[in-house]
Amino acid sequence: MPRTETANQKVRAEAREKILDAARKVFARRGTAATMSEVAKQAGISQGLAYRYFPSKEAILTTLVKQMAESGGGAAARVNKIPGSPGSRLLTLVSYVLESRREQPEFYQFLYQVLYDEKMPDELREVVGRSGKVIQGMIRELIVEGQATGEVANDDPDQ
């Protein structure tokens, strides 16, 4: 019996995610020197199938960076909704960032590759940079609020 359209969509979505997960690991290690062949091998699929989902490694890079930007900015924005004092929200945000870094080292290595590999497209580096600035801005805001309540030592919040 043939698969339903819903089942086909699920298989395609799973294959796409498998390629993206593999690409994140390969790009974290190799940066722009990575090839579609390496991504396909890491994903355990043929190179032809990888090209069926993404026309180029640049398309994969763009997709990964956009996913990162969407997920990173959302985390910082959610901190505003956490009840509690500025100091406790700051602790929550910093803990989240550190825990995330520990649990997802390939993700952060990928971000570093995007930021510091001069062969990366400028637009991708700008997206990653903006996302980092959102989180930095949130941390700064919480520091200033925490200083006003006396929870955080008075000093230059930009240092």
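This is a predicted model, so every value here is computed, not measured.
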- Item | Within one Ile-Leu-Val-Met-Phe-Trp-Tyr cluster: L115 and L64, side-chain cutoff 4.5 Å | yes
- Query: For the atom pair CG (L20) and CG (L61), what is the distance rounded to the nearest 0.5 Å?
  - Reply: 10.5 Å
- Message: Taking the side chain as everything from C-beta on, heavy atoms only, tell me whether D117 gets closer than 4.5 Å to Y112.
- Response: no
- E38/R29 ion pair, N-O < 4.0 Å: no
- Note on the structure: On a heavy-atom basis, the closest approach of P86 and G146 is CB-N, 3.5 Å
- Message: Within the supplied structure, the quantity of interest is the number of heavy atoms (other residues, nucleotides, ligands) at a distance under 6.0 Å from E118 CD; does it exceed 12?
- Response: no
- Query: Does F27 reach the side chain of T32, with side-chain heavy atoms less than 4.5 Å apart?
  - Reply: no
- Message: Less than 4.5 Å apart, side chain to side chain, heavy atoms only: is that true for R52 and Q47?
- Response: no
- Check G84 against R89 and note the closest heavy-atom contact, atom names and distance. O-NH1, 3.7 Å
- Would you kindly confirm whether V144 and M138 end up in one hydrophobic cluster when ILVMFWY residues are joined by side chain heavy atoms under 4.5 Å apart? no
- Spacing of CG belonging to D122 relative to CE belonging to M120, to within rounding of 0.5 Å: 12.0 Å
- Heavy-atom side-chain proximity of V65 to R125 below 4.5 angstrom: no
- Nearest heavy-atom neighbours spanning E106 and A28: O-CB, 3.4 Å
- Is there a path of hydrophobic side-chain contacts, each under 4.5 Å between heavy atoms of I, L, V, M, F, W or Y residues, that connects L49 with Y51? yes
- For V128 and M68, which heavy atoms make the closest approach, and how far apart are they? CG2-CE, 3.4 Å
- Message: Between K18 and D21 (salt bridge meaning N to carboxylate O under 4.0 Å), is one present in this structure?
- Response: no
- Task: State yes or no: do L142 and L91 share one hydrophobic cluster built from I, L, V, M, F, W and Y residues joined by side-chain heavy-atom distances below 4.5 Å, directly or via other members?
- Result: no
- Query: Does some side-chain heavy atom of T35 sit less than 4.5 Å from a side-chain heavy atom of K57?
  - Reply: no
- Query: Would you find a donor on one side and an acceptor on the other, under 3.5 Å apart, between the side chain of E151 and the backbone of G87?
  - Reply: yes
- Task: Identify the two heavy atoms, one from A22 and one from V39, that lie closest to each other, and give their separation to 0.1 Å.
- Result: CB-O, 3.7 Å
- Here the pair of heavy atoms bringing M36 nearest to S56 is SD-C, 3.9 Å
- Query: With a 4.5 Å heavy-atom cut-off, do E99 and R102 have their side chains touching?
  - Reply: yes
- Taking atom CD1 of I135 and atom CZ of R130, what is their separation to the nearest 0.5 Å? 14.0 Å
- Is there side-chain contact between R12 and Y53, with at least one heavy-atom pair below 4.5 Å? yes
- Message: Working to the nearest 0.5 angstrom, can you tell me the gap between Q136 CD and D158 CG?
- Response: 9.5 Å
- Query: Do V94 and L98 come close enough that some side-chain heavy atom pair is under 4.5 Å?
  - Reply: yes
- Query: Backbone N or O of V26 within a donor-acceptor pair of the Q42 side chain at under 3.5 Å?
  - Reply: no
- Audit row: Q113, R30, side-chain contact (heavy atoms from CB on, under 4.5 Å) steps and yes/no: CA-CA 8 Å; Q113 285 283 353; R30 306 249 309 127; over 6 Å; no
- Between CZ on residue R3 and NZ on residue K10, distance to nearest 0.5 Å: 11.0 Å
- Query: Between the side chain of T63 and the main-chain N/O of A59, is any donor-acceptor distance below 3.5 Å?
  - Reply: yes
- From OH (Y108) to CZ (R101), nearest 0.5 Å: 8.0 Å
